[in-house]
Amino acid sequence: MSTGGQNGIEAKSAPGDAATLRAPSFPVSHLGFLALSIVAVFLAATMPFDGYVLNILMQAATYAIAVFGLSVVLGLCGQINLAQAAFFGFGAYAVGIGTADYHVSFWLCLALGMVVALGAGAMLGLTTLKLGGHYLAMVTISFQQIVTLVMTNAISFTHGPDGVSHIERPSILSSQQAYLAFCVAALAFVGYLVWQLPQSRLGRAMRAVRDNELAAGVAGIDVYRTKVYAFAICALLGALGGGLFAGGFAYISPDQFSFAESIIFLTMALLGGIASPIGSVIGTGFLILIPEWLRFLKSIPGLYLALYGLAVILIVLFMPDGIWGFISSIIDRFRAKPAPQAAGDLVLQPGQRGGETVLEVNGLAKHFGGLKAVDGVDIAVRRASVHALIGPNGSGKTTILNVLSGIYGATAGTIRLDGADITRAPTHIRSIAGLGRTFQNIRLFRTMTALENVVIGAERRGNELVDGSAQALEKRALAALAFVGLKGREQELITSFSYGHQRLIEIARALAANPVLLLLDEPAAGLNSSEKLELHALLKRIAAQGLTILIIDHDMTLVSEAASHITVLNFGKRIADGESVGVLNHPDVISAYLGSDD
Amino acid sequence: METGKGLEVRNLSVRYGEIEALRGISFTVAPGEVVTLLGANGAGKSTTLRAISGLERPAGGDILFEGQSIAGLNSEQIVRRGISHVPERRRIFPGLTVKENIMLCGSNRRASKPELASETEAMFDLFPEIRPFRDALGWTLSGGQQQMVAVARGLMAKPRLLLLDEPSLGLAPLIVKAVFAIIAEIRRRGTTVLLVEQNARVGLSVADRGYVLETGTLVLGGKPDDLWNNDAIRAAYLGGAKAKGHALAEQA
Amino acid sequence: MTLTRRQFGAGIAAGVALETISTRSFAQGATIKIGMVVPVTGPAAESGKYALNGAKLAQDAVNKAGGVLGKPIELVVEDDLTTNPGAVLAFSKLAAQQDIVAFLGSIRSTQVHAMAPDILKTAKPVMFGGTDVALTKLGNPWLFRFRPNDSYSAKVISAYGAETLGKKKWAIIHSTDAFGSGGAKALTASLEALKITPVLDQGYPNQSQDFTPVVLAIKQSGADIIGSYFTFENDIAIFARQLRQLGVNIAWVGSPSITVATAVKLAGPALYGTYGVADFAEESSPEAKAYSKLYRDTYKVNPDNYSSWTYDAITVLSMAMNTAKSTEPEKIRQAIIATKNHKGVEGTYNFDANGDGLHGYNIVRNENGNIVFDKHIDFES
Amino acid sequence: MDLVLQLLFTGIGIGAVYALVALGFVLIFRATNVVNFAQGEFSMVAAFLMVVFAVDLGWPYWAAFLVSLAGMAILGVIFNLGVYYPLRHRTYLPVIISTIGASILMANLTLALYGPQPQVLQGWFETQGIQLGPVFLDSQYLLIIATTCVLVAFQYWFFEHTMLGKKLQATSQDKEMASLLGIPVVGMIMLTFVYSAILGGIAGILVAPILFVSIQMGSTIALKAFAATIIGGFGDVAGAIIGGLALGIIETFGAAYVSVPYKDGFAFLMLVLFLAFRPQGIFGERVAEKA
């Protein structure tokens, strides 16, 4: 399975998401949320609902909590989970069996169910190490099917298909309305957490993984662990919803937690818009209500489920970001841009452990089957220098960069960064060790703002210049953006920036991490001449701060003027190495580029 | 150049989202000519070929082939008009045999299976090096062999214009020589060729004329020798003085 | 038809007293509304259609005979999607309509279980067809069963097989769902009462595509009779065919699904000669005969137990309301409980305090595709 | 021993059904990189078409068969245009959802049009089967096994020895390159869907006399076929066949010797084991990722 950057869901998502989800700068909306929650809970507790409406609302509230879980794993982290009904069932069965058979406290059962689901979810998440896409989908389906089989057949424990009846709930919540109010309160609480999650370190990591796994790894995020967390949280919320559901309906049976239900959860998440908890609530509400509204079509059996299937197709075709994505994009047009924030100066103080040589590459080789893309290359990059790596197309430059940053494993050779051997270290560990890089085809987190992208860079573990507080991270990110010349545009989404500016943001992201060594992979590719001049000036400013740079580029003007030292590759081998001017006049280099005379 | 013959690119521009890959270039390729497009990586050479063969939609300008506009047609229609594109990195079908790879390109015209088979045999005469591998799967071949299969496949369409994108890419010098010997042979047989090369020396060695592209703009054009001796070409590849200011030589 | 007219003679008389109609009935009080939860979609959609057929026949009969308390009755149908949450929502939707006086629940036990908490809250009578013994022992006074429960089907199967047919080596085949495993449990218990231990107890999952391993297990067990609880008709038909193909021709007494029209049609000759317990058997009584003729005339298919219980339920419910002269839930409840010796199409109803109306089963035989009544076995409640 | 042989025959028979449906999965996956979650519904729809033509309208069996398959071809076209084609440039997730939506739509539209009753469709043969010593060979299973063999042979011939087959292969390996060679890529994908729908249809019509014709007949088979596809290795025709047969046999023997109620679990357990330890399936990828 490909583990490329576009693995997972659509890279483009609701344009409004990042803006609407930005909480820290809008304290008012916190209060607004609180007020709305209180009103909702109050209404749930006091409105004279009849039994039908109560049941519908109870179902919607508990399902929505489970759908929040999907919005985390699918919306935030971009991983598919077709077993949410199984996790929902874990919670429901824990509460059901626990209260009905063993008369254990409701709360204890709920907690137990959530813990079990958390474990199972993490286990399912572990399979993402090897699998993605359809395979992951299939693993989750299998898990779902096995759970259903156990629920049906382990009769002595689960009561089998009879289901569990006489499920108890806490005595203070014994009335339907009180219980509904409690569910709504839980929904609001979980909704708040899910709403805030994207702004947390973990949430940002998930979004980064969703938007671009490669870049996330390079930015110091442990991609694999992030996915496991996402699955675990998803399962946890599924179990919470299920536990509350069991308490609300007092009876559960295996068919309520089948694969078909998982599909319904997924559709709920997609319909509303996977990237936002508001979308989850909308989607859940719709999918619970629509079949109810369409009951009038019942004279012809199957007709309304057929329409439901049709609706699913139409939503996917015409509303890829779901209902909320559609609405928020409209709201977004009328939203005032937030005021630019004050930015300080960017300080680059790379720590120093090793000696004069920051990067020492010895005998590095990378073979793809019989193809020797890189074949025994030595590179030594001196501290505080600008070092260029050049060579014609297909000479192995980008392969070296990918081996250096851990995207490919080396076939042979060693890599030492600032004195430490990083030859076998995973991508994010290299980043923690101080390696920053940019990509030839820009790899930004496309659903986030410029600021958020750079904050992820600043968050790098091992960055001693920030203490990890939100203010410090933001301050450093603002400084980095100002440093590359994008002051005042921090809150704009990546998609609203020109290609050249996106490159600058990528560099800012790397700089904010305060790296020991900055790898630039063809930073000038696709830039027009004025942008190239800007880039050149930026490189000078970076070098002036003493940061070591290793640059790959085809623009020889840029390379010859910026770099003090050049290594030239051809056919995966080093053909020249030395001071810039001398190297560029080397006959082998000229013939490699222009063709040999013979 | 007389109208109604060869290829004429008029003020062509192509965008990839934000990036303007081609910024209004114009050039011609006369029937029977070999024209080479030179330039550094990212200059827009491949994009030019992709626009001509219908893989990219032009954002502006026009492309005329034998007097008719082909801009906006899809690649299946364009190959039927007689333009065959051998793309960068060869793109051999990895799961098909060499023979099948070559035969497939005949599918743009009405030819019976025996006809195609005998034409494929003729291709092996032109490329004797790959004959022993006729039943090997595409992915098992070396780069040079793949390049030959790719060119043979392109020729099977019986094109009046052959687009070749970086045939020397990643090949050892000896193999490059062999490939270019074949291009010279193709030229001798009268097929018009538009060649994209990064290796300027080799690219110009078979060409009647050449153009130099820099960041989506044609900066230079002319006879191979003139180009080779022009400092601008060195600048385009190895940096230094900009090639700007050199007038684009208009063809008679 | 004559039968039903006679039944409702009393009803017409009661209907004269129009003023006595409960003030509980609201604005659109022109009809007496009866809610019905039924699978219109999902895997059980087919049985839902039959259930509706039976209920409609009863509705027409009641209305022709003068209705209830002088008003026609009206069915308000909600789809349960063949799922438990669907049943709960369907019921609560009906329960929210204040002018519905009573309900018809499901023939599926799990659905009745699922609805039970809501039924208790709604506090109106619910007629249902699920046969899980436990349902009428939940302490829920509003549940009334219109089919004999599983303890009776098991008793009848074991009694017929062991005593009438004289077979001692039993293989019990059952679906692993609530109905199947519940039935198997009851059958094992009633065989034990006859001092018989089954040689095989084999469950299978619903919608199995292949029963070869099950059939081979029967073959190996050396059983001389099969007692079965199948849920879905296509399962029973596939099993029957493979059973015969692999040369097993021992006696077979099955739960009611073996007698329903779809199973008989699907399985064809494979089910010839088998016995089944049937809450409904055409030849079992004059009432059942009359009903069968009416049903066949109306719908052009053979009647089965999916429709007969709803027919009886509507009939008894209407009768109870007429007897009680009220639509007060408690009064209806009392009147249903008081129903004794009512000859319905399923059998003779003698309601006990639990809400069970029937206490025995018919034994029927499949003779070349025709379901033939063999005998009726009743137990004391 | 008798027992083993009988189980083996049934296992192969049911496995052949999985294999037929799995073939359809593989074809669409190879052409479009998409898993069609509605593949099982193709079988269901075809079986219902058969009931309409052969039973309700009383046409000759062969005529009904041909017309039903023609109907499937049309369904394949509609499916491609409505469910896949508009999403061809999006990632796999929207396409999965869209095919799931299509499966709900097809199942319930059939329910709305035809009603919920399971239907009987007679097999091709009058006789039920052959008693071969201790083993009973069901004629319909024999037909299914034979058809699977024929279709595999046909598929081999088609893909290895016809230009059209080669064009389809080229399309699935590199769409852009195929279009540069003048291969009508859109048409090739359309053809793939049509052929897959017909394959699914044949599976459905063949299995109908055994499992009867019901709305949910497709989804039960399709999930297993899906598992078979993964066991065999996605994108490999031979793998799908082996995977299907293996699954049928394991399931049958597992049910006989381990547990009948957990029968369905074996398929998914095997699938998880395969995904954990050999995600490339039995045969692995035929075509190396890096050419």
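By convention in this document, chain letters (A, B, ...) are assigned in the order of the sequence lines, proteins followed by strands, and residues within each chain are numbered from 1.
When ring centroids are compared, Y291(C) and Y295(C) come within the 6.0 Å threshold. In this structure, F79(D) has its ring center closer than 6.0 angstrom to the ring center of F42(D).
For the set G268(C), P205(C), G48(C), the entry with the most heavy-atom pairs within less than 4.5 Å of chain D is P205(C). Between chain D and the residues E233(C), Q220(C), K219(C), the largest count of heavy-atom pairs under 4.5 Å involves Q220(C).
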(request) List the steps and the verdict of side-chain hydrogen bond (donor to acceptor under 3.5 Å, both in side chains) for N366(C) and T274(C). (result) CA-CA 5 Å; N366(C) 182 325; T274(C) 59; 4.6 Å; no
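For chain C, the nearby parts of Q119(D) are the backbone and the side chain; heavy atoms of each come within less than 4.5 Å. With a 4.5 Å cut-off on non-hydrogen atoms, L211(D) touches chain C through its backbone and its side chain both. For chain D, the nearby parts of Q245(C) are the backbone and the side chain; heavy atoms of each come within less than 4.5 Å. Only the side chain of Y50(C) comes within less than 4.5 Å of a heavy atom of chain D; its backbone N, CA, C and O stay farther away. With a 4.5 angstrom heavy-atom cutoff, K265(C) touches chain D via backbone and side-chain atoms both. Only the side chain of S214(D) comes within less than 4.5 Å of a heavy atom in chain C; its backbone stays farther off.
Put simply, the side chain of S175(C) never gets that close to the backbone of N206(C): no donor and acceptor are under 3.5 Å apart.
A261(C) pairs by the side-chain contact (heavy atoms from CB on, under 4.5 Å) definition with D304(C), not counting sequence neighbours.
Side-chain atoms of D210(C) and Y204(C) form no donor-acceptor pair, as typed in the model, at a separation below 3.5 Å.
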